[in-house]
Asker: 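Could you have a look at this structure, given as C-alpha cells, before my questions?
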Amino acid sequence: MDPCLRRDDRKNMQPYNHKQIEKKWQKKWEEEKPFKAEDFSDKEKFYCLVEFPYPSGDGLHVGHVRPYTAFDIISRKRRMEGYNVLFPIGFDAFGLPTENYAIKHKISPVDATKKNIANFTKQMKSLGLSFDWDRVVNTTDSDYYKWTQWIFLQFFKNDLAYKTTMPINWCLSCKIGLANEEVVDGKCERCGGEVEKRDKEQWMLRITEYADKLDKDLDKVDYSERIKIQQKNWIGKSEGVEINFNSEEYDIPVFTTRIDTIFGVTAMVLSPEHPLVMKLVNDDYLDEVKEYVEKCKKKTDIERTIVEKEVTGVLIGASATNPMTGEKIPIWIADYVLAQYGTGAVMMVPAHDERDFVFAKKYGIDIKHVIALSHQEAKLDDVYTDEGYLINSGEFDGLTSQDARIKLADYVEMKEYGRKQVNFHLRDWVFSRQRYWGEPIPIIHCEECGEVPVPEEDLPVLLPSVEHYEPTDTGESPLASIESFVNVKCPKCGGDGKRETDTMPNWAGSSWYFLRYIDSKNKEAFADDKKLRYWVPVDWYNGGMEHTTLHLLYSRFWYKFLFDIGVIPKECKSEPYKKRTSHGLILAKGGEKMSKSKGNVVNPDEVIDDCGADIFRIYEMFVGPFEQPAEWDTQGLGGCRRFVDKVWSLQERISENVDTEKDVEKLLHKTIKKVGEDIEELKFNTAVSALMILTNELVKLALDSDRGKEKVSEDVFKKLVILLAPFAPHLAEEIWENLDNKKSVFKEKWPEYDKELVRDEKIDLIIQINGKLRDTIKVSADISEEDAKEKALSSEKIKKHLEKQEIKKVIFVKGKLINFVV
RNA sequence: GCCGCCGUGGUGGAAUGGUAGACACGUUGGACUUAAAAUCCAAUGAGGGCAACUUCGUGACGGUUCGAAUCCGUCCGGCGGCACCA
C-alpha cells in the first residue's frame, strides 16, 4: 500500500501535484542558478560542507538524503539571512567497490564511474538540493588527481612520505593482497581460503609527526564533544618513560605510563614481531617460538588484544635485567603486545595491569604488589589498577603514584636508564595499495638515484587503461604489467628507471577536496590564494560518525601540512573546519542496516516518485534526532503528506486585512523562534513539529471561518510559508507564486520574532508536595514567592494533601513551581 | 576486548534537574458516502474507581537531591569505529 496516494475532492482547488510542481522549480533552478556562490562579496561568507558521496552502482541511499537535506535547510536559511553561502558537492570515486564492480561486469572503472556519477547527479537534483553545481569535483578526474599527486610530492619533499616494510593480508590460494574488509573471520571473502600476514614494501605518510598538533588544536575548534573525545582517544597521547632493560649485549627499551609500578615487574614481554626475538631466543625454545610467531600471523590486531578470549605466549629462554632492582626476569613473547605501539615491548606488572594479570595467572608468573590503596595492603591474589601509595619499592615507599611517577622519571633520566617520553597511539598511515583504481603514486625508482619524484610539470601521472583490473598473483598492482607505463627514464640522471606502480588509498582524494571546491577549475594551482583567503576555513562540516577517526583526522593532517609549508595562505586558520557535526544512519525497519542481501533497501527514486522530494525531505527531518540513528518507516511518510496537504489547502482560506488574534500572533512568534533556533541546533524533528502545530492552529481557524468567523490572515500564512521553505522548497515556491509574489521565496528575509510576543504573561504554576505534582494554578509569570505560596495553599487539593502535615520547607522556582516539603 | 553513542507508550519520538509521553504513526469508535478511499471529530501508557480522583511507570539495581528519564556508580542490551570498505 502506498501511503502517499491520495485523491482530493475539494472543488475549487487543484490538488497538490508534486510531480508537476517539483519539476517546474527544479528546471528554473537549473536555468537560473540562484544558489551559485560568489567568490568575494560584501556579504558575510558561509562555507557549508557535507561529505561527498562515493558514487556506487547502487545509487543514492536514503541515508544520504538526511545530511544533504539538513544542510540544504541550513544553507537556504543562511542565504535568507543574508550570507554568501558556498554549499558544494562532488564525488569520491576511487576505491574498491567500483574496481570490483568493473571486474565483475567486465567494464572499465572509468565508464562505471561516469555512469554512476550521472545517476547520483540526477538523484540529488531531484531532491531539490541547493548545491552549487558549477563547482562539482570528481577525485578520479585527472585534472583533480593531478593535484592529489602534487600534494603527495610535497609530502615526499618534506620527508613526510617514506617507504617501509609493513604486513599486508595475503590470501594463500588467490595469491593476492586483501583489504581488511575482504578478510572475514580470518578467511578470504572471495574463496574462503586461509589468509596470513605477509610483509610488503609500502609507502607511508608520517602523520605521527603531526600527532601533537592534531591533538592540541582540537581545543581551537567547535566539534561536538563525542567527536573530540573519539579523536583524542584515537591519537592517544600518553606521557611516560622509556626505560632500557638489558639482556646480553642488547638494550631492550620498554615504554610505560606507570613507572610507579617499576618495582613490581616480574617478566618482560615482546611482541612476536620484535626484531630482537630471533636474536635472543635460546635454541631449546626455537621451534616453539617459530611456531608461535607463525600462528600470530593469522590473527588480526583486534583478536590479539581481546583479553578474555585467551591470552597466549611462549618463553624465549632469555632473561633481562630490571635496571631499578637489578633483578633478572624472564622474557616472553605474547601476541597481546603489538609491534606498532610504543617500543613493541612491555614490562609485565601483573599486580597492577589487567592483561598482565591474566597472563601471569595462566603461566604462573610471580605477582608482586607495589601499589596499595592508602595503608591497607592490597589483597595478594588480586589485580589493582588504580593509583595509590607505593609499597615494596625501596626508597620510594609511601609516595603517591602521581609523585612517584615524577620522582622516578627524574631518577631514571639521572641514572641514564632511559628518558621521559611522550607516546601516541596514532600510527603512521599506510599509503599504498596494490590496486588499479586509485591515483598512481608519482615516484620513479632509479638504480642510481633511488626514489625520484616525478617533476611537477609532468603531472598528472595518468592512470593507464589496462586489460585486467584484478590484483596480480605477485602482490603487485595491475599497473606493474604495463611495460609502457613502468619503463621510464629517470628524471634526474636520464638512466633507466621504473615507475612506482602502487596507487594511493581512497582517503587521498577526500583529504583535500574541500579546498578544490573553492577554485575547482583552476589549471595553475590547486586553488587561487585570494579565493582561499576568502573561503577558508569551512564554517560547518557535517559527516558520518564513522569518519571521525580516519577521514576527519587525515584531512586535518593534510590541511595542516599544506598550511605549514605555505601553500595555504597564512591568513587562513591552522584548522580546516571551524565546526564539525555528525548525522545518524538511516536503518531499515527493525534497526538493521539496509543491504541488498537482506532485501530491505529503500530506493530514494521510488519515494520521490510516490511522494515527492518535499515530503521525503520533511519525513527525514521529522524521523528523529539528527545525530542519532533512525529507522525507516514508510507509514511515517503519510503523516508528512497530510501536513503538506494542510499547508497547501490553506492557500485559499486566507485573506488580507484580517486582525489576527493575540494568541495566534503569539504562537506565530514562538514558532519563528523555535524553528530558527532548532535548525541551528540540528533539532529538525522538533522544528517540523513546531511547524505542524502552527499549521494545525491555522487550519482550525480556517474551519472556524467557515462558520462565520474571521479568516486566516495572509501575513501569518506567508510567515509560515517562509519558515517552511528550507524544508519544502518546491512547495513553498509554488505557494509563494500563487500568492502573487514576483520574486522567489528565497529572496525573502528570514523572519525575526518579537521578544514581547514570545513571553508568556500567564503560566501554569506547578504545585508539588515532596516533589510530587498535586495541582497547577494559572498565575502571572512574575508572581512572587509570597503570593504563590498564599495562592497555592488556598487550593482545595493542596489543602487536602496538607491536612495534619507540617510544612518544613518551601522551594520556589520563579515562573515555574512551588514545592512544599512536609 | 578497547574507544564513543544510545535505551521513554503498540511504533518513531518530546521533555537534558522541576507537569513524563509534545508532534506524528497506528489502533478503536463516530460523522460524510450506496460502498470504499480521502477528509473531519473523539478516545488512546498500565492498573483501580460510576465518578471526582488515585496508584504504578522512562533497560536493571543502587546513590546524590526538596525533586531524577535527565547527574553519579555497577550491570544488562543495541549501534558506530578499531587503521587496506567508504
Side-chain angles (χ1 to χ4, degrees), chain A residues 3 5-10 51 53-54 56 92 94-97 166 168-169 177-183 202 225-227 229-230 232-234 236 300-309 336 340 354-355 425-435 505-507 510 544-551 553-554 582 584-585 587 589 591 593 619 622-625 627-633 635-640 642-643 645 649 683 685-686 688-693 696 703 764-776 797 808-811 813 816-817 819-822:
Chain A
L5 277 180
R6 92 205 101 83
R7 270 163 250 167
D8 201 310
D9 59 2
R10 279 169 300 221
E51 281 171 354
Y54 183 83
S56 77
D92 187 17
F94 275 131
L96 264 187
M166 288 296 290
I168 61 166
N169 302 308
L178 297 176
N180 285 349
E181 199 192 44
E182 297 172 300
V183 182
Q202 300 274 36
E225 205 50 35
R226 61 178 177 161
I227 295 174
I229 295 168
Q230 279 284 67
K232 275 211 177 258
N233 290 344
W234 186 257
T300 66
D301 285 358
I302 298 172
E303 287 170 335
R304 282 172 58 162
T305 47
I306 295 175
V307 181
E308 277 152 26
K309 244 182 172 177
Y336 76 87
Q340 301 94 322
E354 205 81 52
R355 273 181 306 198
H425 178 254
L426 186 69
R427 312 201 291 257
D428 274 344
W429 175 3
V430 182
F431 198 68
S432 42
R433 303 286 183 271
Q434 293 73 50
R435 295 282 185 158
N506 165 273
W507 307 107
S510 61
M545 203 55 203
E546 69 275 20
H547 292 133
T548 302
T549 45
L550 300 178
H551 160 69
L553 201 67
Y554 290 153
S582 52
L585 298 174
L587 304 168
K589 186 103 187 150
K593 249 189 175 176
Y619 170 68
F622 188 54
V623 70
E627 303 196 82
Q628 295 300 327
E631 284 177 38
W632 183 268
D633 177 13
Q635 283 188 323
L637 282 163
C640 298
R642 279 196 267 272
F643 165 58
D645 263 355
S649 67
K683 289 157 79 175
N685 52 337
T686 49
V688 172
S689 156
L691 290 167
M692 285 174 169
I693 291 169
N696 288 344
L703 289 174
D764 288 317
L765 186 80
I766 297 156
I767 309 172
Q768 296 179 330
I769 295 170
N770 285 345
K772 266 202 164 117
L773 176 78
R774 290 304 177 192
D775 200 5
T776 61
K797 283 183 197 168
K808 284 190 190 144
K809 199 172 163 189
V810 180
I811 287 150
V813 182
K816 209 145 222 172
L817 65 83
N819 182 18
F820 298 104
V821 185
V822 295

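Reckoned from all heavy atoms, side chains included, excluding hydrogens, waters and symmetry mates.
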Asker: Regarding Q434(A), tell me which of base, sugar-phosphate or nothing describes its non-hydrogen contacts under 4.0 Å with the strands shown.
Answerer: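 The answer is base, as Q434(A) lies within the cut-off (heavy atoms under 4.0 Å) of a base atom.
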
Asker: Take atom C1' in G26(B) and the same atom in G21(B), then report the distance between them in whole Å.
Answerer: 16 Å

Asker: Spell out, as yes or no, whether a donor-acceptor pair under 3.5 Å connects the side chain of N506(A) to the backbone of G95(A).
Answerer: no

Asker: Do R435(A) and E182(A) meet the salt-bridge criterion of a basic N to acidic O distance under 4.0 Å?
Answerer: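 Answer for the salt bridge query: yes.
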
Asker: For a quick check of understanding: with a heavy-atom distance under 4.0 Å over all strands, which category does F622(A) fall into, base, sugar-phosphate or nothing?
Answerer: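 Base, at least one base heavy atom under 4.0 Å.
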
Asker: Is L426(A) touching bases, backbone alone, or none of the nucleic acid, heavy atoms closer than 4.0 Å?
Answerer: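 Result for L426(A) = base.
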
Asker: Please classify the nucleic acid contact of H547(A) as base, sugar-phosphate, or nothing, using heavy-atom distances under 4.0 Å.
Answerer: base

Asker: Does E225(A) reach a base, just sugar-phosphate, or nothing at all? Heavy atoms under 4.0 Å.
Answerer: nothing

Asker: How many Å lie between NE2 on H425(A) and C1' on A83(B), as a whole number?
Answerer: 9 Å

Asker: In whole Å, measure the gap between the C1' atoms of A86(B) and G18(B) for me.
Answerer: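 That atom pair is separated by 46 Å.
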
Asker: If you measure from the P atom in G80(B) to the same atom in G45(B), how many Å do you get, rounded?
Answerer: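 Approximately 34 Å lies between the P atom of G80(B) and that of G45(B).
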
Asker: What is the distance, to the nearest angstrom, from the CG atom on N180(A) to the C1' atom on C82(B)?
Answerer: 10 Å

Asker: Of the listed nucleotides (U19(B), C66(B), G13(B)), which one gets closest to any side-chain atom of L773(A)?
Answerer: U19(B)

Asker: G7(B) pairs with which nucleotide, Watson-Crick or G-U wobble, both distances below 3.5 Å?
Answerer: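 Because both required distances fall under 3.5 Å, G7(B) counts as paired with C76(B).
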
Asker: With no hydrogens and no angle check, is any side-chain donor or acceptor of D633(A) less than 3.5 Å from a backbone partner on Q635(A)?
Answerer: yes

Asker: Taking 4.0 Å as the cut-off, does a side-chain nitrogen or oxygen of N819(A) come that near to OP1 or OP2 on U65(B)?
Answerer: no

Asker: Measure from CD on E627(A) to P on C5(B) and round the result to the nearest Å.
Answerer: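 That distance rounds to 12 Å.
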
Asker: For the pair Q768(A) (side chain) and L817(A) (backbone), establish whether a donor and an acceptor sit closer than 3.5 Å, ignoring hydrogens and angles.
Answerer: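 Between the backbone of L817(A) and the side chain of Q768(A) there is no qualifying donor-acceptor contact (under 3.5 Å).
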
Asker: So which nucleotide from A86(B), A22(B), G18(B) ends up closest to the side chain of K816(A)?
Answerer: G18(B)

Asker: Any base atoms under 4.0 Å from R226(A), or only sugar-phosphate, or nothing? Heavy atoms, all strands.
Answerer: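 Here R226(A) touches the backbone only, sparing every base.
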
Asker: Please check the phosphate of C84(B) (OP1 and OP2 only) for any side-chain N or O of R433(A) closer than 4.0 Å.
Answerer: yes

Asker: Is the base of G9(B) syn or anti, if syn means a glycosidic angle within 90° of 0?
Answerer: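 This nucleotide is in syn.
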
Asker: Tell me: CD of Q628(A) to P of A15(B), nearest whole Å?
Answerer: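 One finds 12 Å between P of A15(B) and CD of Q628(A), rounded.
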
Asker: List the atom of V430(A), the atom of R433(A), and the distance in Å for their closest heavy-atom pair.
Answerer: O-NH1, 3.1 Å

Asker: By the 4.0 Å heavy-atom rule, please label I766(A) as base, sugar-phosphate, or nothing.
Answerer: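 Base, at least one base heavy atom under 4.0 Å.
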
Asker: Which atom names give the shortest non-hydrogen contact between T549(A) and Q230(A), and what distance separates them?
Answerer: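 In terms of heavy atoms, the two residues are closest at CG2-O, 4.0 Å.
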
Asker: Pick base, sugar-phosphate or nothing for E631(A), based on heavy-atom distances below 4.0 Å to the nucleic acid.
Answerer: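 The residue E631(A) makes no contact with any strand.
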
Asker: From OH of Y554(A) over to C1' of C84(B), roughly how many Å is that when rounded to an integer?
Answerer: 9 Å

Asker: For C71(B), which nucleotide in any strand shown is its Watson-Crick or wobble partner with both distances under 3.5 Å?
Answerer: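 Base-paired to G63(B).
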
Asker: Out of A14(B), G81(B), G18(B), which nucleotide sits closest to the side chain of I811(A)?
Answerer: G18(B)

Asker: Work out how far the P atom of C72(B) is from that of U64(B), and round it to whole angstrom.
Answerer: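 Rounded to whole Å, the distance is 15 Å.
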
Asker: If we take the C1' atom in both A22(B) and G81(B), what is their distance in whole Å?
Answerer: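 Rounded to whole Å, the distance is 34 Å.
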
Asker: Round to a whole Å and report the spacing from CG of N233(A) to P of G4(B).
Answerer: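 In whole Å, G4(B) P lies 5 Å from N233(A) CG.
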
Asker: Looking only at atom C1', what distance separates G57(B) and A46(B), rounded to whole Å?
Answerer: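 Pairwise C1' distance, G57(B) against A46(B), rounds to 8 Å.
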
Asker: From C-beta outward on M692(A), which listed nucleotide comes closest to its side chain: A86(B), C23(B), C82(B)?
Answerer: C23(B)

Asker: Which part of the nucleic acid, if any, lies within reach of L817(A) when heavy atoms closer than 4.0 Å are counted: base, sugar-phosphate only, or nothing?
Answerer: base

Asker: Let me know the distance between CD of E181(A) and P of C84(B), rounded to the nearest Å.
Answerer: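 It is 12 Å, rounded to the nearest whole Å.
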
Asker: Hey, does the side chain of N685(A) reach the backbone of V623(A) with a donor-acceptor pair shorter than 3.5 angstrom?
Answerer: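 Checking the backbone N and O of V623(A) against the side chain of N685(A), no donor-acceptor pair under 3.5 Å is found.
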
Asker: Which nucleotide wins on minimum distance to the side chain of S689(A), given the candidates A22(B), C79(B), A15(B)?
Answerer: A22(B)

Asker: Looking at N685(A), does any N or O in its side chain come under 4.0 Å of the phosphate oxygens OP1/OP2 on A14(B)?
Answerer: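 Checking A14(B) against N685(A), a side-chain N or O does come within under 4.0 Å of OP1 or OP2.
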
Asker: Return the nucleotide paired to A38(B): Watson-Crick means purine N1 to pyrimidine N3 with N6-O4 or O6-N4, wobble means G-U with N1-O2 and O6-N3, both under 3.5 Å.
Answerer: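 Per the H-bond distance test, none.
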
Asker: Can you list everything that forms a side-chain hydrogen bond (donor to acceptor under 3.5 Å, both in side chains) with N233(A)? Sequence neighbours excluded, please.
Answerer: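 Expected list: none.
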
Asker: Report the distance from atom CE of M545(A) to atom C1' of C85(B), rounded to the nearest whole Å.
Answerer: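 One finds 18 Å between C1' of C85(B) and CE of M545(A), rounded.
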
Asker: Take nucleotides 41-60 of chain B nucleotide by nucleotide from the 5' end and write B, S or -, depending on whether a protein heavy atom sits under 4.0 Å from the base, only from the sugar-phosphate, or from neither.
Answerer: ------------SSSS----

Asker: Using atom C1' in both nucleotides, what's the gap between A42(B) and C61(B) to the nearest angstrom?
Answerer: 42 Å

Asker: Could you let me know what G1(B) is paired to, Watson-Crick or G-U wobble, both distances under 3.5 Å, or none if it's on its own?
Answerer: C82(B)

Asker: Under 3.5 Å for both donor-acceptor distances, Watson-Crick or wobble: does A52(B) have a partner, and if so which one?
Answerer: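 Here A52(B) is not engaged in any pair, so there is no nucleotide opposite it.
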
Asker: Just to confirm, is there a sub-4.0 Å distance from OP1 or OP2 of A38(B) to any side-chain nitrogen or oxygen of R642(A)?
Answerer: no

Asker: Would you state whether a donor and an acceptor, one from the side chain of Q768(A) and one from the base of G18(B), lie under 3.5 Å apart?
Answerer: yes

Asker: For G7(B) and G17(B), measure between their P atoms and round to the nearest Å.
Answerer: 15 Å

Asker: At 4.0 Å (heavy atoms only), tell me whether L550(A) reaches a base, stays on the sugar-phosphate, or touches nothing.
Answerer: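 Base, at least one base heavy atom under 4.0 Å.
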
Asker: Side chains of F643(A) and L691(A): does their closest heavy-atom pair fall under 4.5 Å?
Answerer: yes

Asker: Categorize L587(A) for me: base, sugar-phosphate, or nothing, with a 4.0 angstrom heavy-atom threshold over every strand shown.
Answerer: nothing

Asker: Do the non-hydrogen side-chain atoms of K797(A) and I767(A) ever get within less than 4.5 Å of each other?
Answerer: no

Asker: For K816(A), does the NZ atom sit with more than 12 other heavy atoms under 6.0 Å from it, leaving out its own atoms?
Answerer: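 No, not enclosed.
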
Asker: According to ring pair (Phe, Tyr, Trp, His ring centres under 6.0 Å), who are the partners of Y554(A), at least two apart in sequence or on a separate chain?
Answerer: W429(A), W507(A)

Asker: Touch check for P53(A), heavy atoms < 4.0 angstrom, all strands: base, sugar-phosphate only, or nothing?
Answerer: nothing

